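Each remark here refers to the structure printed beneath this line.
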4 protein chains.
Amino acid sequence: MDKQPKFKRRAEARPDEVLDAALEMFLEKGFAAAKVEDVARRAGVSKGLVYLYFPSKDALLEAIVRRAISPVADSALAQLAVVEGDPRVALRRVIGALMVQLSDPQRMAIPKLILREAWQFPKVAEMYRREVLDRAIPAVTALLQRGMDQGYLRQLDAELTVRSLVGPIAVHLMLAEVFDIAPGDGLALERFMDNHLAILFDGLSAHPMEHGQ
Amino acid sequence: MDKQPKFKRRAEARPDEVLDAALEMFLEKGFAAAKVEDVARRAGVSKGLVYLYFPSKDALLEAIVRRAISPVADSALAQLAVVEGDPRVALRRVIGALMVQLSDPQRMAIPKLILREAWQFPKVAEMYRREVLDRAIPAVTALLQRGMDQGYLRQLDAELTVRSLVGPIAVHLMLAEVFDIAPGDGLALERFMDNHLAILFDGLSAHPMEHGQ
Amino acid sequence: MDKQPKFKRRAEARPDEVLDAALEMFLEKGFAAAKVEDVARRAGVSKGLVYLYFPSKDALLEAIVRRAISPVADSALAQLAVVEGDPRVALRRVIGALMVQLSDPQRMAIPKLILREAWQFPKVAEMYRREVLDRAIPAVTALLQRGMDQGYLRQLDAELTVRSLVGPIAVHLMLAEVFDIAPGDGLALERFMDNHLAILFDGLSAHPMEHGQ
Amino acid sequence: MDKQPKFKRRAEARPDEVLDAALEMFLEKGFAAAKVEDVARRAGVSKGLVYLYFPSKDALLEAIVRRAISPVADSALAQLAVVEGDPRVALRRVIGALMVQLSDPQRMAIPKLILREAWQFPKVAEMYRREVLDRAIPAVTALLQRGMDQGYLRQLDAELTVRSLVGPIAVHLMLAEVFDIAPGDGLALERFMDNHLAILFDGLSAHPMEHGQ
DNA sequence: CATGAATGAGTTTTCATTCAT
DNA sequence: AATGAATGAAAACTCATTCAT
């Protein structure tokens, strides 16, 4: 996008610039349809140079994911472990953070890419699972479990409850992204979060009813 | 799969057999990676025959979706319109049906395919949106809205609430499918549904709390 | 074009109908680009039937030419042999006939086809040469030669003179056909023939000049 | 044909080498029958390289014609405009030049290709017409017209007369080329030209006759 | 380091021809 | 005789990858 400062390349940054370009192209056209030449052109380098840094097209995908994975969770997740008192405050914060992150195209890029392509690349899927999901999900699960144990939350299956927490957000973004289905006013993130949390914490029901199965 | 008896071709069924094979292959390898020859072999026919019925590989994808779309929802959706009384009963039924359907690989196939490939084929995405989502979502929205108007459900944004209804299911299945992340006992659909509905109807909270933002 | 009279096919006419259709298609699209199925459809029969009558696509071309060749020249050419007196009268008649024939699309079809495709099919070229050209050219050559011998025409090379007789017509039609280059008023055959004959018989020169090489 | 010294590729010349090879193959086998791989092999390069320079097989044909067209006629045609005095001298020169050019296989190649294939490719036909015919024909027409106006030539239709000038040459070469019909001694260009000019200037007739019609 | 010309294996697509009915 | 479903060999075109410079 921006032409590099004439000469004197920051040689160190090169591989990263290539990965940036690759990520863009893969999102735009999909991994299979994106050509290595597209990536090179977008990065402002020659096709050959891409192969100087990465041994294959597949390796590009892997590197993209690997690079994105490292810094994950370390910050946010750590906090969850030390939450005291009502976990709903923390949950509200977690969900808010999640939503903001994912509605930022930059941040959304990796999960989107993973979801689209990962199943074709078991190595990548496995990597993402191990590094991201296997850290994030247990952390949230633990937070929920603690809330249940301490009486703040009802006794439910904490592991499954994570789905109720993340699911609506994922679907909200997917509907907008893939099918261009959104409430009248764009993503309406504020409203959506309020609605989501209202249901998540207190349910849909106006009055409790006797549940029979 | 089963070799038909060499001669006596059921010509009528052929296009459908090809589409079945194509669907399988596209799911297995992805649209781009699946070769037309794979599809033909899987269908037990020659490559040429595929092109006798479908003008291009793209057309296969489109035809798969088109075929799957027609019979959608007409049955289930019709019922929603006539629900009287507490909509939670209907919702429980809808969610149950949805979950059963989607956990059936046959049924899950199309949405999975769409989600993976549709964005590359705007025509397909648009078709699916128009025929499926634009019918199903308003139907559920209306059900929820009626429930709110009649005092069974709290006053929330019905349109956004649909996400809370569907989201957890989608994510539950996706985690299992893509990342092989499932509760110890497989999909645990029964348990998952109970958990989901419990939260959806009555929330996570053990005791209501004063919501501040 | 016209649907055959319901049932009771004139089975004898079939091969000819196929050839008609093939000729049309070959002219329209060229031999290589015309599909056998096109021919069949145009003839109103099935692809299989074409192969019942003709062993291959090539054979269609050959048959077209063979069929067209037989009746050629037998009529007109015979007359040339018995011409007495000033051959210019006969020439005028020959050229007129030639021009009328060739300006009739039906009649022009075969030569056009030959010219376009024959060089790819030595057998066809050879057949046409043997049956048509090797008869027509000597006949005209003889006519010219007699005219020269009898003092009606100047002593020139009769064989080469045939080119001067036919060439302008061929080019006139080709320019119109291939490049859409024609005098303002369509083919203007009358005017063209007058012009052609005027030059052919009496030359361009207003006054003879001394030819030096 | 000659293997270039393995390394040291003259990248500049490549597209032209490919076009040369393509021209040869198209003439040899016809556009439809010539395979891109044939062209590549003939040019001593790989199939892929052909597509590196030309987006499609069609584009090869177009490029061949386009390349050949540019330098046309600019030299020879310019001279015609300034002819003074008896135009027959100029005509003799024009016809001679034309004949020499067209009997040179290199030079004949393009018109031959055009005549065989152009009608399938309207773009090509149109290009050739515009760039070559629409320049050459009017130039010769003007020359003839001037000759008529100045009393050197009889008053005839100059536009149609062009056909009488070019036609015999075209047919002479075509007969030889397509049907292998030539006077005993090869093309006999000298003799043919003498014969052609003799008729063209002074006609066939030994003595003028009273034209009727 | 960097380039981009060059390759060739791999894919989609076409279509003459066959053959069971 | 007639059909048209089915085949498969062949051709156009693509693109990841290499390598001489």
Side-chain angles (χ1 to χ4, degrees), chain A residues 9 11 14 32-41 44-60, chain B residues 4-15 18 32-40 43-60, chain C residues 9 11 14 32-41 44-60, chain D residues 4-15 18 32-40 43-60:
Chain A
R9 247 72 205 335
R14 274 303 179 66
K35 297 174 226 168
V36 173
E37 179 138 30
D38 293 338
V39 173
R41 193 176 12 256
V45 302
S46 74
K47 214 183 340 173
L49 191 56
V50 174
Y51 281 90
L52 195 61
Y53 295 129
F54 304 96
S56 72
K57 195 184 173 190
D58 286 19
L60 275 177
Chain B
Q4 50 277 350
K6 186 71 140 302
F7 39 54
K8 188 51 194 171
R9 256 67 209 284
R10 306 135 291 158
E12 316 298 72
R14 271 307 154 76
V18 171
K35 296 173 238 166
V36 173
E37 182 141 29
D38 293 338
V39 173
V45 301
S46 72
K47 212 179 353 165
L49 187 63
V50 175
Y51 282 93
L52 192 59
Y53 293 123
F54 305 96
S56 71
K57 195 183 171 190
D58 285 21
L60 275 178
Chain C
R9 246 66 209 338
R14 274 304 178 69
K35 296 174 227 169
V36 173
E37 179 139 31
D38 292 338
V39 173
R41 193 178 10 257
V45 302
S46 74
K47 215 185 337 174
L49 191 57
V50 174
Y51 280 91
L52 194 60
Y53 294 129
F54 305 96
S56 73
K57 195 184 173 188
D58 286 20
L60 275 176
Chain D
Q4 49 278 349
K6 186 71 139 304
F7 38 53
K8 190 52 197 167
R9 257 68 207 281
R10 310 135 285 160
E12 318 297 73
R14 273 303 155 75
V18 171
K35 295 172 240 166
V36 172
E37 183 142 25
D38 292 339
V39 173
V45 301
S46 71
K47 206 180 358 160
L49 187 63
V50 175
Y51 283 94
L52 192 59
Y53 293 123
F54 305 96
S56 71
K57 196 183 170 188
D58 286 19
L60 275 178

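Since the model is a prediction, treat every value here as computed from it, not as a measurement. In what follows, chains carry the letters A, B, and so on, assigned in the order in which the sequence lines appear, proteins first and then strands, with residues in each chain numbered from 1. What you see below is based on every heavy atom in this structure, not just the backbone, and it leaves out hydrogens, waters and symmetry mates.
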Original post:
Hey, what do you get for NZ (B/Lys57) to OH (B/Tyr51), rounding to the nearest 0.5 Å?
Top reply: 8.0 Å
**OP:** Mind checking the OG-CD spacing from D/Ser46 to D/Glu37? Nearest 0.5 Å is all I need.
**Re:** 9.5 Å
[X] [atom1] to [N] [atom2], straight-line distance once rounded to whole Å:
{"X": "A/Lys35", "N": "E/dG10", "atom1": "NZ", "atom2": "P", "value": "20 Å"}
{"X": "D/Lys57", "N": "F/dT14", "atom1": "NZ", "atom2": "C1'", "value": "17 Å"}
{"X": "D/Asp38", "N": "F/dA11", "atom1": "CG", "atom2": "P", "value": "8 Å"}
{"X": "C/Asp58", "N": "E/dC15", "atom1": "CG", "atom2": "P", "value": "16 Å"}
{"X": "A/Arg41", "N": "E/dA2", "atom1": "CZ", "atom2": "P", "value": "19 Å"}
{"X": "B/Tyr53", "N": "E/dT12", "atom1": "OH", "atom2": "P", "value": "20 Å"}

Subject >> Residue-phosphate contact under 4.0 Å: D/Arg14 side-chain N/O, E/dA6 OP1/OP2 >> reply: yes
Original post:
Under 4.0 Å between a side-chain N or O of C/Tyr51 and OP1 or OP2 of E/dT17?
Top reply: yes
Subject >> Residue met sooner reading DNA chain F from 5', once D/Ala33 and B/Leu49 are mapped to nucleotides >> reply: B/Leu49
Subject >> First encountered from the 5' end of DNA chain F, between D/Glu37 and B/Gly48 >> reply: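 The residue whose closest nucleotide sits nearer the 5' end is B/Gly48.
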**OP:** Return the 5'-most residue of the pair C/Val36, D/Leu52 with respect to DNA chain E, ranking by each residue's nearest nucleotide.
**Re:** D/Leu52
**OP:** For D/Val50 and for C/Ala32, locate the closest nucleotide of DNA chain E by heavy-atom distance; then report the residue assigned to the nucleotide nearer the 5' terminus.
**Re:** D/Val50
Original post:
Nearest heavy-atom pair of D/Val18 and D/Val39: which atoms, and what distance?
Top reply: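 Here D/Val18 and D/Val39 meet closest at O-CG1, 3.9 Å.
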Original post:
Of the non-hydrogen atoms in D/Phe54 and D/Pro15, which two are nearest, and what is the gap between them?
Top reply: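 Scanning both residues, the minimum pair turns out to be CZ-O, 3.9 Å.
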Subject >> Contiguous pairing runs of three or more, Watson-Crick or G-U under 3.5 Å, that involve DNA chain F >> reply: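 The stems that DNA chain F takes part in, listed by first number, are E:2-21 with F:2-21.
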Original post:
When we call it a touch if two heavy atoms are under 4.0 Å apart, what does D/Ala34 touch: a base, just sugar-phosphate, or nothing?
Top reply: sugar-phosphate
Original post:
What pairs of residues pass the salt bridge (Lys or Arg N to Asp or Glu O under 4.0 Å) test when at least one of them lies in residues 45-55 of chain D, not counting sequence neighbours?
Top reply: none
Original post:
With no angle test and no hydrogens, is the base of F/dT3 tied to the side chain of C/Lys47 by a donor-acceptor pair under 3.5 Å?
Top reply: no
